[in-house]
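Working notes, structure below.
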Amino acid sequence: MKALNLYTLTRIKENEDFSRLERVLSGRAWHKAFSAHEVSSLCVLVDKLAGHYEDESRQGSSPHSDWVSYFDGFYFSYTIEHISKEFDLLKLSPDAGCALNIELKSEFIEEDRISRQLEQNRYYLSHISRNILSYTYVMETDTLYCLNDHGYLKTCPMSELARALKRPALRQFVKSDIQQYFRAQDYLISPVRTPEKYLTGRYFLTNQQSEFRSQILDLLKYRETGEDAVSPLISLTGNAGTGKTLLLFDLARVLSRKRKVLFLHGGPLLDGHRLIDRRLHKVKILSGTDPAATAALCRENDLSDYYVILVDEANRFSSEALEGLIEKAVTCGIPCIFSFDPHSILGPIPPMEEAEQIIGSRETLCLELSGNIRINRPIFSFLRTLFHQKDKSGYADYSCIDILYAADKKEERALTAHYLSNGYELINASLQSFGTGAIISQEYDKVLMVLDSRFYYDENQRLCATGEQDAAIPPLYEGLSRAREKLCLVIVGNRELFSQVLAIRSASAYRKE
């Protein structure tokens with residue numbers, strides 16, 4: 001995507017031609033149809049700024065006659081791909097030392113909502129820029145707002161924004177590839193792998209996560225005040241990487257400010273779990289794979305002190321443990337929130353279906369997260385085709401994925417050592433890593449996995465593995481779906497599989513030519 005000149009873009013005000021022109025000027029990879037409200041609010045703002053510059057030129061008060069150049073360098077409707085965070089207008093200086101963000105509203109909006117959006121935008125931009133200029137223009141009321149460095153929102157004249165566009169720091173700008181400034185690891189945290197960021201609140205929720213968070217908190221609040229209100233049982237579902245664990249941990253952090261929270265994890269506890277357990281004094285974290293802890297759940301007195309029970313990876317608990325937990329929670333009048341992934345790109349998985357049935361029979365609210373925020377779009381697209389070659393995606397850029405061949409174990413070790421030295425995490429596609437939960441709730445910037453002679457494609461072009469019920473396939477998917485930015489597959493001694501997987505990867509190169 002390229003930066004464009006807003007004045008050039010807004011000389012066309014009809015929606016259809018506006019959208020076509022925007023794609024030509026920005027080099028956007030797909031056609032985006034802009035609404036009448038989006039087009040009109042941008043056009044009105046640019047015309048007002050242009051009028052200001054024309055007045056300056058007539059009065060001779062501006063030494064710069066080419067005022068159209070002040071509109072250079074803007075990214076319009078730019079979205080951070082990983083998290084679907086959109087900026088209406090964004091401009092960055094070449095070193096990203098200065099950022100200008102303008103949000104557009106066609107209708108009246110409350111000032112506290114304007115302030116919250118600009119504050120959130122400043123958080124995103126603070127990772128890449130030292131000086132952030134934040135504005136919102138409301139077309140209906142013809143009002144311009146500015147948020148200063150101290151979080152104070154004020155109305156301001158159009159001349160202030162006009163001066164901001166003329167700042168020397170913004171006369172040069174990032175002309176293309178703005179996405180390189182927004183790294184996934186700066187925004188997407190794993191509470192377990194980066195507990196310090198979680199504990200200090202240095203993370204954010206997507207719009208959908210925030211919406212579900214509000215629904216859950218409102219439901220819990222209503223339970224406290226409403227007459228005859230039953231204790232809710234909430235299921236939070238979604239595919240791998242949609243942000244279930246982060247939302248659950250966020251709820252634990254918020255709710256534990258005043259009440260005791262029981263957090264149950266469907267795998268072994270890692271160092272991050274233990275640190276959070278120590279630091280959040282009103283949160284107790286237990287492992288569902290600990291027989292003693294599981295048995296304790298069935299004792300009513302062990303639940304009665306808690307305000308809410310949060311269960312992560314609920315599908316990894318036994319049916320008996322889930323049913324016992326729900327019965328005791330209902331008896332004690334304690335709300336429960338169960339997080340699990342009932343389906344994956346592999347299709348239904350029996351233990352997950354059992355959990356879904358048990359929880360679904362008692363749930364009062366079901367929330368399903370969508371949109372993968374852990375796996376980037378190319379990797380997710382590649383995985384869909386890898387596991388079922390008929391399921392081809394239109395996404396073509398697989399440059400973040402390496403497919404390598406090793407003739408034997410010796411070559412495998414050499415390639416693996418090379419990639420490990422470059423920051424990749426090696427994950428074994430084994431039942432042991434899957435069954436013990438060693439990689440549950442984990443995520444990594446770079447993932448390396450090895451495929452051997454067990455793997456092959458069947459007549460329906462689905463990836464399979466020799467052995468009972470393709471036992472190696474779920475661990476493989478679990479491991480690959482941990483990758484946030486880069487992925488490497490080393491295929492050992494299996495030339496046929498290598499050729500088939502390489503064809504998936506190389507197809508992106510042909511489609512780009």
Side-chain angles (χ1 to χ4, degrees), residues 1-54 64-94 96 98-106 121 124-125 128 135-137 139 161-162 164-166 170-182 376-378 381 393-400 507-513:
M1 190 173 181
K2 300 180 297 184
L4 52 77
N5 182 290
L6 296 180
Y7 187 82
T8 301
L9 173 63
T10 54
R11 296 314 89 199
I12 293 293
K13 297 176 171 59
E14 293 75 21
N15 296 2
E16 186 174 348
D17 283 342
F18 178 95
S19 297
R20 288 175 179 157
L21 179 61
E22 188 279 336
R23 185 179 183 187
V24 170
L25 295 175
S26 69
R28 193 184 295 271
W30 64 93
H31 177 76
K32 180 172 183 178
F34 294 96
S35 68
H37 293 308
E38 291 175 301
V39 174
S40 58
S41 57
L42 176 62
C43 290
V44 169
L45 174 62
V46 172
D47 286 348
K48 285 184 173 294
L49 289 167
H52 178 85
Y53 294 135
E54 287 174 335
H64 198 283
S65 59
D66 182 17
W67 52 263
V68 174
S69 64
Y70 297 142
F71 295 100
D72 278 337
F74 279 91
Y75 291 85
F76 176 46
S77 191
Y78 170 70
T79 300
I80 303 176
E81 185 175 89
H82 241 41
I83 57 177
S84 300
K85 168 60 188 172
E86 184 179 48
F87 298 91
D88 288 343
L89 293 171
L90 183 61
K91 184 174 183 178
L92 295 178
S93 63
C98 183
L100 171 60
N101 170 223
I102 306 171
E103 293 300 313
L104 303 170
K105 307 296 178 187
S106 59
N121 290 3
Y124 297 121
L125 295 171
I128 61 175
Y135 295 89
T136 293
Y137 176 67
M139 183 179 68
L161 179 56
L165 267 63
K166 295 164 62 175
L170 292 170
R171 295 301 292 147
Q172 300 295 322
F173 49 84
V174 175
K175 295 181 179 180
S176 62
D177 300 326
I178 191 174
Q179 63 271 14
Q180 65 182 301
Y181 293 92
F182 296 94
N376 66 37
R377 186 181 173 197
S381 166
S393 167
Y395 199 95
D397 185 5
Y398 295 153
S399 57
C400 60
S508 66
Y510 295 134
R511 276 181 275 178
K512 286 192 294 182
E513 290 178 353

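Not measured: the values here are computed from a predicted model. Residues take their numbers from the sequence shown, with the count starting at 1.
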Check: By ring-ring contact (aromatic ring centres under 6.0 Å, His included), which residues pair with Y78, not counting sequence neighbours?
Finding: F182

Check: Between atom CD1 of I80 and atom CD of E86, what is the distance when rounded to the nearest 0.5 Å?
Finding: 10.5 Å

Next item on the list: For residues L45 and I102, determine if any side-chain heavy atom of one lies less than 4.5 Å from a side-chain heavy atom of the other.
Entry: yes

Next item on the list: Could you tell me which residues satisfy salt bridge (charged side-chain N to carboxylate O under 4.0 Å, His left out) with K2, sequence neighbours excluded, listed by chain and number?
Entry: none

Next item on the list: Begin with the C-alpha distance, continue with both residues' side-chain angles, and end with the deciding distance and a verdict on side-chain contact (heavy atoms from CB on, under 4.5 Å) for F76 and F87.
Entry: CA-CA 7 Å; F76 176 46; F87 298 91; over 6 Å; no

Next item on the list: Would you indicate whether the side-chain heavy atoms of T8 and L4 approach each other to under 4.5 Å?
Entry: no

Note to self: Is there a side-chain contact between D72 and F173 in this structure, where contact means two heavy atoms from C-beta onward sitting under 4.5 Å apart?
What the structure shows: yes

Notebook entry, point to check: Quick one: side chain to side chain contact (heavy atoms under 4.5 Å, CB included) partners of V174, sequence neighbours excluded?
Noted result: Y75, L92, Y181

Next item on the list: Please name all residues satisfying side chain to side chain contact (heavy atoms under 4.5 Å, CB included) with E38, sequence neighbours left out, ordered by chain then number.
Entry: F34, S35

Next item on the list: First locate atom OG of S93, then atom CG of L170, and finally report the distance between them rounded to the nearest 0.5 Å.
Entry: 6.5 Å

Margin query: Can you confirm whether L125 sits close enough to L90 that some side-chain heavy atom of one is under 4.5 Å from a side-chain heavy atom of the other?
Written below: yes

Notebook entry, point to check: Which is it for L25 and N5 under the side-chain contact (heavy atoms from CB on, under 4.5 Å) test, yes or no, and what are the steps along the way?
Noted result: CA-CA 8 Å; L25 295 175; N5 182 290; over 6 Å; no

Note to self: Any salt bridge linking E16 with K32? Criterion: basic side-chain nitrogen under 4.0 Å from a carboxylate oxygen.
What the structure shows: no

Note to self: The criterion is salt bridge (charged side-chain N to carboxylate O under 4.0 Å, His left out); which residues satisfy it with E22, sequence neighbours excluded?
What the structure shows: R28

Checklist line | All pairs passing salt bridge (charged side-chain N to carboxylate O under 4.0 Å, His left out) where residues 172-181 contributes a residue, at least two apart | finding: none

Margin query: Restricting to salt bridge (charged side-chain N to carboxylate O under 4.0 Å, His left out), what partner residues turn up for R23, sequence neighbours left out?
Written below: none

Check: Any idea which heavy atoms bring S19 and A33 closest together, and the distance?
Finding: OG-CA, 3.6 Å

Next item on the list: Check side chain to side chain contact (heavy atoms under 4.5 Å, CB included) between E54 and all other residues, then give those that pass, not counting sequence neighbours.
Entry: R58, W67

Next item on the list: Keeping the roles fixed (side chain from D17, backbone from I12), state whether a donor-acceptor pair exists under 3.5 Å.
Entry: no

Checklist line | Contacts of type side chain to side chain donor-acceptor pair (under 3.5 Å), residue Q172, not counting sequence neighbours | finding: none

Notebook entry, point to check: Distance from L42 atom CG to S106 atom OG, nearest 0.5 Å?
Noted result: 12.0 Å

Note to self: The criterion is side chain to side chain contact (heavy atoms under 4.5 Å, CB included); which residues satisfy it with V44, sequence neighbours excluded?
What the structure shows: K48, Y137, M139

Next item on the list: Looking only at non-hydrogen atoms, find the nearest pair between Y135 and A164 and report the distance.
Entry: OH-CB, 3.8 Å

Note to self: Do K105 and T136 have side chains that approach each other closer than 4.5 Å (heavy atoms only, starting at C-beta)?
What the structure shows: yes

Next item on the list: Could you go through the side-chain contact (heavy atoms from CB on, under 4.5 Å) check for S69 and R171 one step at a time?
Entry: CA-CA 8 Å; S69 64; R171 295 301 292 147; 3.1 Å; yes

Margin query: Can you list everything that forms a side chain to side chain donor-acceptor pair (under 3.5 Å) with S41? Sequence neighbours excluded, please.
Written below: none

Margin query: So, taking the atom named CD1 in I178 and the one named NZ in K91, what distance separates them when rounded to the nearest 0.5 Å?
Written below: 11.5 Å

Checklist line | side chain to side chain donor-acceptor pair (under 3.5 Å) involving D47 - partner list, sequence neighbours excluded | finding: R11

Next item on the list: Could you grab the distance from atom OG of S26 to atom CG of L9, nearest 0.5 Å is fine?
Entry: 8.5 Å

Checklist line | Pairwise side-chain contact, N101 with L89, heavy-atom cut-off 4.5 Å (strictly under) | finding: no

Notebook entry, point to check: With a 4.5 Å heavy-atom cut-off, do Y53 and L165 have their side chains touching?
Noted result: yes

